[in-house]
Number of protein chains: 2
Amino acid sequence: MPVFTMEDLRRKLQERQHKMTPQRQTVLQIFLDHPGEHLSAEDVHGILRSNQLEIGLATVYRSLELLSDLGILQKMEFGDGCSRYEVNTTGPSSHHHHHLICTKCGKVIEFEDDLLENLEQDIMEKSGFNITDHQVKFFGYCKECQDSIEN
Amino acid sequence: MPVFTMEDLRRKLQERQHKMTPQRQTVLQIFLDHPGEHLSAEDVHGILRSNQLEIGLATVYRSLELLSDLGILQKMEFGDGCSRYEVNTTGPSSHHHHHLICTKCGKVIEFEDDLLENLEQDIMEKSGFNITDHQVKFFGYCKECQDSIEN
DNA sequence: CTAGGTGCAAACCCTTTGCAGTAGT
DNA sequence: ACTACTGCAAAGGGTTTGCACCTAG
């Protein structure tokens, strides 16, 4: 279970001659403090504000993109009109987790799965595509919304 | 292999007391004429123009949303900043197809798969989530981009 | 005839960018 | 010092909306 530390951030930044700034540390810290959440740029900006740590929204966007490029965050879309991010859990030794998205209330639930590892291998052989990652989304109705439909 | 006809469209529209308009027929026709493509609203609008059949862009957007609601089209995001659509191939008796997205050149390749049907059943039992659909994306490098990287 | 649909342009919202000032290394 | 970074505000690009007019049923 690879969790990133500030040291990882420092190292990855150095490798590309980028600088370790308080803003970047703070953005990473927010994701470490909010495991399992799928935060948008606005979410991050809002959390910052409520912590009395205002950072320019443009800087938040730039940090999110940078952290994604560094492989620390993973960008994803749930169809609500904005990009969302979470700490990257892909990689050689880690388990994938995927998302169940309720099409009624928009809630997102996670679940673990390694089933697709074999499939990737298979596809690489058949298609010549060199696969580095995958994302799976399941759509449907969560328990609560199923109940409310029955009413 | 369920391909939608204009009759299907008419019926589905009637069920919701929506009207069968030339614009909606034309938009559906474009998807029938372009199988296997992932068209954005702008794409559709452009194809219309080149066919001398101008339809207001707003109407294109509204038609795409309606056709998705009716289950005729499927909306998807490939991370290029706009929503894309294709004829819906999900459903009780149909095969899913998923997408290989090249992270270098942006090309999207399709492949067939039923592997996740069992998984859906499994997840429904464990999570209580009522799954109606799923989307899978694989990211990596296509053959051509692998070659060009080696140069 | 009447509800629903279209087209246009303006509004929206998320995201990116130019620029002048600031701060890591 | 040199280069990268930040903050602001403006611009950008895809999508949605208000409104007057139109049209399918």
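Predicted, not measured: the structure shown is a model, and the values here were computed from it.
Nucleotide D:dA4 holds its P atom 18 Å from the CZ atom of A:Arg10, rounded to whole Å. Regarding A:Asp69, its CG atom lies at a distance of 11 Å from the P atom of C:dT16, rounded to whole Å. We find that CD1 of B:Ile55 is positioned 15 Å from C1' of D:dC22, with the value rounded to whole Å. Atoms CG (B:Leu57) and P (D:dT16) sit 10 Å apart, rounded to a whole Å. For the pair B:Leu64 CG and C:dT6 P, the computed distance is 12 Å after rounding to whole Å. Atom pair B:His45:NE2 and D:dT15:P shows a separation of 13 Å (rounding to whole Å applied). Between the CD atom of B:Glu54 and the P atom of C:dC8 there is a distance of 7 Å, rounded to whole Å. Between B:Gln17 atom CD and C:dT2 atom C1' the separation is 13 Å, expressed in whole Å.
In this model, the phosphate group of D:dT15 is approached by a side-chain N or O of B:Tyr61 to a distance below 4.0 Å at OP1 or OP2. The phosphate of D:dT6 has OP1 or OP2 within less than 4.0 Å of a side-chain N or O from A:Thr21. OP1 and OP2 of C:dG24 both lie 4.0 Å or more from every side-chain N or O belonging to A:Gln23.
Looking at which nucleotide of DNA chain D each of B:Lys75 and B:Gln14 is closest to, the 5′-most match is held by B:Lys75. Each of B:Glu65 and B:His18 has a nearest nucleotide on DNA chain D; the 5'-most of these lies closest to B:Glu65.
Remark: the B:Arg62 side chain and the C:dG4 base include no donor-acceptor N/O pair separated by less than 3.5 Å. Applying the 3.5 Å distance criterion, the base of C:dG4 shares no donor-acceptor pair with the side chain of B:Arg16.
Across D:dT6, C:dT15, D:dA24, the shortest atom-to-atom separation from the side chain of A:Thr59 is found for D:dT6. Side-chain atoms of A:Cys82 lie closest to C:dC14 of the nucleotides C:dG7, C:dC14, D:dC5. If you check D:dG14, C:dG24, C:dG5 against the side chain of A:Lys19, the one that comes closest is C:dG24.
Ion pairing of B:Arg62 with B:Glu65 is absent here, as no side-chain N (NZ or NE/NH1/NH2) approaches a carboxylate O to less than 4.0 Å. In summary, B:Lys12 and B:Asp8 do not engage in a salt bridge, as defined by a charged side-chain N under 4.0 Å from a carboxylate O. Between A:Arg11 and A:Glu7 there is no salt bridge, since no side-chain N of the basic residue sits under 4.0 Å from a carboxylate O of the acidic one.
Under the 3.5 Å distance criterion, the side-chain polar atoms of B:Arg24 are matched with a main-chain donor or acceptor of B:Lys19.
Put simply, the side chain of A:Arg16 reaches to within 4.5 Å of the side chain of A:Asp69, judged on heavy atoms.
Nucleic acid contact for A:Ser40: none, since no nucleic acid atom lies under 4.0 Å from a heavy atom of the residue.
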